[in-house]
Q: 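Here it is: the structure, laid out below.
When reading the values below, keep in mind they use all heavy atoms of this one structure, side chains included, and skip hydrogens, waters and symmetry mates. Just so we're on the same page: letters track the sequence lines, and every chain starts at 1.
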Number of protein chains: 2
Amino acid sequence: MKKQVNPKELDVLLRAAEVACAENGARLTQRRRQVLSELMQSSSPLSAYEVLDLCNRSTTSTMPPMSVYRILDFLEQQQLVHKLSSSSKYVACAHIACDHKHFQKTHFLLCDGCSSVEEVDATEEASEALEQMAKTVGFKLTTQQFELSGICTACQDSAGEGL
Amino acid sequence: MKKQVNPKELDVLLRAAEVACAENGARLTQRRRQVLSELMQSSSPLSAYEVLDLCNRSTTSTMPPMSVYRILDFLEQQQLVHKLSSSSKYVACAHIACDHKHFQKTHFLLCDGCSSVEEVDATEEASEALEQMAKTVGFKLTTQQFELSGICTACQDSAGEGL
DNA sequence: GCGTTAAAGATACAATATATCATATTACGA
DNA sequence: TCGTAATATGATATATTGTATCTTTAACGC
């Protein structure tokens, strides 16, 4: 579903993304901008083919699947987009317009109800506890990204409404 | 790769699986047994099609992909097999022959080096910390399974060898 | 044995992802 | 500004993963 993002805000986000790319010596081309824009306007993660359809619907030209995958990879490298490996879907980074850096581990909370996603930094406690747990079997953690399912506030509330 | 599982031990595991099925009013048929057996003998998670190939190589008859998926679903329901959603691969449960129950949340530690997997119960601290973290954005966690990457002891050691 | 149910086979196809070669666009120095 | 190298995209084919559906076979309860 489409998220309510006003055009002005969207523009701010896209400009910020452009700057971020420039800082890495990369370019946010029209196609990349288009892909990113679709993800920014979605209230839930999208599969590569969903992105493809949206792009092909919004312009006359048609893009092949390969291009979408390439562009998604690029956007992921630029940390403008994250790939959720549990569902093979993509979300726009929640921190494009702020000065947030991906220093800490990132957790994605996926709502079972409405498919929305919250991107949160790992707390010190969580990082610590997970590392300790891994240590008990000799593992040294490398994951930078965790995906957890749950029920978001809105869905918890609306579940109660029926009563 | 094949894990070193001696035939006797494998048999014990399969018998235990059979009993577990029976307790749920289900049957561990030949096919199901075959699929489970391949997973038990693998040192790393296998994709459905990898399981399929192994099964079709080890007998004269050939099984269609559909059957493997059905059987993997069945084995998952019986908690004899776990599906790793981050890689769409399957592993035999580490607790088939012991009286372990899946009460706590389960963490799978995936080694980046050798692809081996460790299945461990969540510590109280980790569960607590993750739930707290989710709570800060209003999420109520439902995930029962977590997948973390890292480097296992063996691979940490062998990385040092080259020096 | 006979009908009911559960399991497996067969076939087709949908969804996800990559390999590779060709073309277009951009950046940039001569 | 022109040529060239690097980057980005297009086009095509194909690999991989997963499902839908219908048929056949096997097991079980009576």
Side-chain angles (χ1 to χ4, degrees), chain A residues 17-18 21-39 42 44-78 80-91 115 147, chain B residues 17-18 21-39 44-56 58-78 80-91 115 147:
Chain A
E18 205 170 340
C21 285
E23 279 170 1
N24 298 333
R27 280 177 296 145
L28 190 69
T29 62
Q30 268 312 102
R31 282 303 198 195
R32 288 167 176 173
R33 187 187 184 82
Q34 186 185 21
V35 166
L36 182 55
S37 169
E38 293 297 350
L39 284 172
S42 172
S44 55
L46 298 176
S47 77
Y49 277 80
E50 284 166 349
V51 171
L52 178 63
D53 286 348
L54 288 169
C55 288
N56 284 344
R57 240 158 248 178
S58 72
T59 59
T60 53
S61 65
T62 72
M63 195 174 11
M66 190 66 242
S67 291
V68 174
Y69 280 102
R70 266 192 301 233
I71 289 171
L72 288 170
D73 283 351
F74 168 85
L75 294 172
E76 216 189 337
Q77 274 171 36
Q78 303 295 318
L80 297 170
V81 155
H82 302 294
K83 175 170 188 176
L84 304 176
S85 63
S86 58
S87 57
S88 296
K89 296 195 174 186
Y90 299 82
V91 283
S115 304
E147 298 166 32
Chain B
E18 205 169 340
C21 285
E23 279 171 1
N24 298 333
R27 279 177 297 145
L28 190 69
T29 62
Q30 269 311 102
R31 283 302 199 196
R32 288 167 175 173
R33 188 186 184 84
Q34 186 185 20
V35 165
L36 182 55
S37 168
E38 292 297 349
L39 284 172
S44 54
L46 298 176
S47 76
Y49 276 81
E50 283 166 350
V51 172
L52 179 63
D53 287 348
L54 288 169
C55 288
N56 284 344
S58 73
T59 58
T60 52
S61 65
T62 73
M63 195 174 12
M66 190 65 243
S67 291
V68 174
Y69 280 103
R70 266 192 301 232
I71 288 170
L72 288 170
D73 284 352
F74 168 84
L75 294 172
E76 218 189 336
Q77 276 171 35
Q78 302 295 318
L80 296 170
V81 155
H82 302 293
K83 174 169 189 177
L84 303 174
S85 63
S86 58
S87 57
S88 296
K89 296 195 174 185
Y90 300 81
V91 283
S115 304
E147 297 167 32

Q: For Met63(A) versus Asn56(A), what's the shortest heavy-atom pair and its separation?
A: N-OD1, 2.8 Å
Q: Strictly below 4.0 Å: does Arg70(B) bring a side-chain N or O up to OP1 or OP2 of dG18(D)?
A: no
Q: Would the distance check show the side chain of Glu38(B) and the main-chain N or O of Val51(B) forming a donor-acceptor pair, the cut-off being under 3.5 Å?
A: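 It does not hold such a pair.
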Q: What's the spacing between Leu46(A) CG and Leu52(A) CG if we round to 0.5 Å?
A: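 Taking CG in Leu46(A) and CG in Leu52(A), the distance rounds to 11.5 Å.
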Q: From CD of Gln34(B) over to P of dA7(C), roughly how many Å is that when rounded to an integer?
A: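 One finds 17 Å between P of dA7(C) and CD of Gln34(B), rounded.
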Q: Would you kindly give the CG-to-P distance between Asn56(B) and dA10(C), to the nearest whole Å?
A: 10 Å
Q: Only one of Asn24(A), Asp73(A), Leu36(A) forms a side-chain contact (heavy atoms from CB on, under 4.5 Å) with Gln78(A), so which one is it?
A: Asn24(A)
Q: Could you pull out the protein-nucleic contacts involving nucleotides 25-30 of chain D (nitrogen or oxygen on both sides, under 3.5 Å)?
A:
from	atom 1	to	atom 2	distance (Å)
dA27(D)	O3'	Arg27(B)	NH1	3.3

Q: What integer distance in Å separates Arg32(B):CZ from dA6(C):P?
A: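 Rounded to the whole Å, the gap is 11 Å.
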Q: Tell me whether the side-chain N/O atoms of Arg31(A) come closer than 4.0 Å to OP1 or OP2 in dT25(C).
A: no
Q: What is the distance from CG of Asp53(B) to P of dT17(D), rounded to the nearest Å?
A: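 Going from CG in Asp53(B) over to P in dT17(D) covers 10 Å.
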Q: For the atom pair OG (Ser61(B)) and CD (Gln30(B)), what is the distance rounded to the nearest 0.5 Å?
A: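 Those atoms lie 10.5 Å apart.
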Q: Roughly, in whole Å, what's the span from CZ in Arg33(A) to P in dT9(D)?
A: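 Between P of dT9(D) and CZ of Arg33(A): 13 Å.
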Q: Is any side-chain heavy atom of Leu72(B) less than 4.5 Å from a side-chain heavy atom of Lys83(B)?
A: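 No; the side chains remain at least 4.5 Å from each other.
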Q: N/O contacts under 3.5 Å, protein versus nucleotides 15-19 of chain C?
A:
from	atom 1	to	atom 2	distance (Å)
dA17(C)	OP1	Ser88(A)	OG	3.0
dA17(C)	OP2	Tyr69(A)	OH	3.1
dA17(C)	N7	Tyr49(A)	OH	3.1
dA17(C)	N6	Tyr49(A)	OH	3.4

Q: Would you mind telling me which of Val35(A), Thr29(A), Leu28(A) makes a side-chain contact (heavy atoms from CB on, under 4.5 Å) with Arg31(A)?
A: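 Going through the options one by one, the only one that passes is Thr29(A).
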Q: Quick one, Ser67(A) and Arg70(A) - any side-chain contact, counting heavy atoms below 4.5 Å?
A: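 With C-beta onward as the side chain, the pair touches.
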Q: From the set dG10(D), dA8(C), dA8(D), return the single nucleotide nearest to any side-chain atom of Thr29(A).
A: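 Looking only at heavy atoms from C-beta outward on Thr29(A), the closest nucleotide is dA8(D).
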Q: What is the separation between atom CG on Leu72(A) and atom C1' on dT9(D), rounded to the nearest whole Å?
A: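 Whole-Å distance recorded here is 14 Å.
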Q: To the nearest Å, how far apart are Leu52(B) CG and dA15(D) C1'?
A: 15 Å
Q: I need the CD1-P distance between Ile71(A) and dG10(D), as an integer number of Å.
A: 7 Å
Q: dG9(C) phosphate, OP1 or OP2: any side-chain N/O from Ser67(B) under 4.0 angstrom?
A: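 Yes, because at least one side-chain N or O of Ser67(B) sits under 4.0 Å from OP1 or OP2 of dG9(C).
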Q: Excluding sequence neighbours, so at least two apart, what forms side chain to side chain contact (heavy atoms under 4.5 Å, CB included) with Ser115(B)?
A: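 So Ser115(B) forms a side chain to side chain contact (heavy atoms under 4.5 Å, CB included) with Ser44(B).
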